[in-house]
Amino acid sequence: RLVEEATSTAAGMPYLEVLTTALCDALEVRSAMVIAVDDGSTDAEVVAGRLDGVTMDGTRFDLASTPWCRETPMRSYFVRELDRDFPDDELARRTGATNGIGCNLNDLNNAVAGSLCVMHDAPINEQLEPELILRLFAGRTEAELNRLRAERLLRESESRYRFLADHTADLICRLQPDATILYASPASDQVLGLPAERLVGRSHYELVYAEDRARFADLHARLEREGGIERIRLRYRHAGGGLRWLEADFRAVDSEDSQGIGEILGSLRDVSAQQAAAEAIENAKRDLEHRVAERTAALSATVEALSEAEERWRSLVDNAGDVIMILDREHRVRFVNGARLHSTRQDLVGADVKEILSADERDRYAATIDSVFQSGHAAMLDRVTLIGGVAQSWSVQFSPIFMNGSVSAVTTVSRNFTEQRLAEARVRELEERWRNVLQSASDYIVVVDREGRIEFVNKVLPEFTYEEILGSNVIDLTAE
């Protein structure tokens, strides 16, 4: 009752001061204090305290050396033999205390934000139920401490933001929900040519150029309906004459009862130079796009024709039966078509062309390439044998490719006539074999064409020769 009666009419810092005095009297201790911990700090401070009837000034101390403001299983706790267990405690040293009781005070996030504690230089009288009394008044103390902290943070925040608003180049303004100006920063003189006091009480709509007011109205409606942040560029009239382009960020701030918006915060900056540059760039861009479109249209037909021609010639080259290559001065393959070889196209490109030749043909092949580079005249080689397990006969044509008046590469067109040569030999072999068979036959065998002329006879009668028979009409040789 003593503590409650003493603190019933106090609030804020006076409440904390009266509370510490009443706790010293009620619990018969030398000192009582309210301790606060800053967010993220390793220090604590006595915000209100009494020692032997005298007000304690703001004492700061290291949390590591003290039992107070620590996370504990119980909210309140006794600390006996304080001088032995915490010899570096600044509060125990200053008060000469050997015993104490603490009760943690939590912030809105339920983290330890301070402590309500009493200390004495002798055992504390537990019949006075000191732990219970501290718990009873901890809730009110906690609320007062959090309110004081919030007010301090608010003052600091307002001071910081006021400093920024007064010194920033942007025009900072606060608007009522209907867009009436509540506050304008000193930058209004530079941005709009008007001092801040001449803007307060006017509608923001009055400042916006008439042709842009509909756009601002749409933004205003979205802020009222959806909240959030909106950015827009609008034209404003300057007191010195003319229009200025301003880029503005508007933010809706909820009302205290969360029933709609309470204010609109605005930050406006002059972007007239940027807008002029952007318009010049846009004009240049449109002009360039028009010229590019004309040029593109003129080139499209050419590109399409070239693409079609390239596709036709690529198809022709890739599907040619001959092997077509382009070689550089180091005899490396720079291109090869799709003709079949014993190596893939990927293996050949970049390789030395002599690697696909037989050893006895390499020098002659290389010499021919070099001569075409030197002379600029085409050349031919026959029966170049390529490596493939079987001797193959090729006819190779070497042609120069000119660039800037000199030979930059050599094209080779290789035609494989191995199968043709083998087929011709086979035909000759078969003809010879069948000729021998027919000439050894006992019968006379005659081949005639549609007109009855003799094309072949295996043997002739003694009275004729082969020259007389071949080409004669078989009817003429038949007895009447």
Side-chain angles (χ1 to χ4, degrees), residues 157-296:
S157 176
E158 287 180 343
S159 177
R160 287 194 300 269
Y161 282 108
R162 173 70 67 173
F163 178 84
L164 291 174
D166 288 347
H167 294 85
T168 184
D170 288 4
L171 168 57
I172 308 299
C173 59
R174 292 169 49 214
L175 311 179
Q176 290 181 345
D178 63 356
T180 299
I181 300 173
L182 294 172
Y183 164 81
S185 67
S188 64
D189 202 358
Q190 179 68 28
V191 175
L192 294 176
L194 293 171
E197 57 269 18
R198 290 186 57 185
L199 296 180
V200 175
R202 296 176 61 180
S203 173
H204 194 84
Y205 281 91
E206 297 178 25
L207 307 178
V208 179
Y209 182 50
E211 293 183 4
D212 291 351
R213 287 174 187 168
R215 293 175 54 227
F216 178 71
D218 292 340
L219 176 144
H220 188 194
R222 285 196 302 273
L223 287 175
E224 290 184 313
R225 183 175 61 253
E226 304 172 7
I229 301 175
E230 294 279 349
R231 172 170 289 186
I232 192 171
R233 281 192 177 186
L234 300 169
R235 287 170 290 181
Y236 288 73
R237 289 198 175 276
H238 192 273
L243 298 176
R244 299 288 177 90
W245 277 98
L246 301 187
E247 183 177 74
D249 293 309
F250 291 100
R251 179 186 185 123
V253 180
D254 292 338
S255 61
E256 293 183 359
D257 59 3
S258 299
Q259 300 296 319
I261 61 174
E263 288 187 3
I264 299 173
L265 297 182
S267 175
L268 297 82
R269 63 207 63 89
D270 192 334
V271 293
S272 299
Q274 296 94 313
Q275 184 68 25
E279 291 176 355
I281 291 173
E282 183 63 26
N283 291 335
K285 178 183 175 183
R286 283 196 295 267
D287 180 61
L288 180 61
E289 288 176 346
H290 178 70
R291 291 162 60 189
V292 168
E294 290 180 343
R295 180 62 175 166
T296 301

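As a basis for the values below, the full set of heavy atoms in this structure was taken, side chains included, without hydrogen atoms, waters or symmetry mates. Owing to the predicted nature of the structure, the values given are computational and were not obtained by experimental measurement.
- Remark: R225 engages no residue in a salt bridge (Lys or Arg N to Asp or Glu O under 4.0 Å) (not counting sequence neighbours).
- Sorted by first and then second residue, the pairs that involve residues 262-281 and meet salt bridge (Lys or Arg N to Asp or Glu O under 4.0 Å), not counting sequence neighbours, are D170-R269, R174-E263, R244-D270, E247-R269, D249-R269.
- For R213, the salt bridge (Lys or Arg N to Asp or Glu O under 4.0 Å) criterion is met by no residue, not counting sequence neighbours.
- Between the side chain of S185 and the main chain of L171, no donor-acceptor pair closer than 3.5 Å is present.
- For R215 (side chain) and R233 (main-chain N/O), a donor-acceptor pair under 3.5 Å exists by modelled atom type.
- When the side chain to side chain contact (heavy atoms under 4.5 Å, CB included) test is applied to H220, the partners found at least two apart in sequence or on another chain are A179, Y205, E224, I264.
- Taking every heavy atom of both residues into account, L246 and L268 meet most closely at CD1-CD2, 4.0 Å.
- When the side-chain hydrogen bond (donor to acceptor under 3.5 Å, both in side chains) test is applied to E294, the partners found at least two apart in sequence or on another chain are H290.
- Residues satisfying the side-chain hydrogen bond (donor to acceptor under 3.5 Å, both in side chains) test with S203, not counting sequence neighbours, are none.
- Evaluation of the side chain to side chain contact (heavy atoms under 4.5 Å, CB included) rule for E282 yields K285, R286 as partners, not counting sequence neighbours.
- In this structure, the ring of F250 has its center less than 6.0 angstrom from the ring center of F216.
- Within the model, atoms CZ of R202 and CG of L175 stand 13.0 Å from one another, a figure rounded to the nearest 0.5 Å.
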Show me, pair by pair, the donor-acceptor contacts under 3.5 angstrom made by side chains of residues 189-201, not counting sequence neighbours?
none

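- Separating the CD atom in Q176 from the CG atom in L182 is a distance of 4.5 Å, to the nearest 0.5 Å.
- Residues forming a salt bridge (Lys or Arg N to Asp or Glu O under 4.0 Å) with E211 (at least two apart in sequence, or on another chain): R235.
- The shortest non-hydrogen separation linking A252 to G227 is CB-CA, 3.8 Å.
- Here D218 pairs with R222 under the side chain to side chain contact (heavy atoms under 4.5 Å, CB included) rule; sequence neighbours left out.
- L219 is not listed as a side-chain neighbour of L234, based on a closest heavy-atom distance of 4.5 Å or more.
- Taking OG1 of T296 as the reference point, atom CD of E289 lies at 10.5 Å (rounded to 0.5 Å).
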**Message:** Walk me through whether L243 and Y236 qualify under side chain to side chain contact (heavy atoms under 4.5 Å, CB included).
**Reply:** CA-CA 6 Å; L243 298 176; Y236 288 73; over 6 Å; no

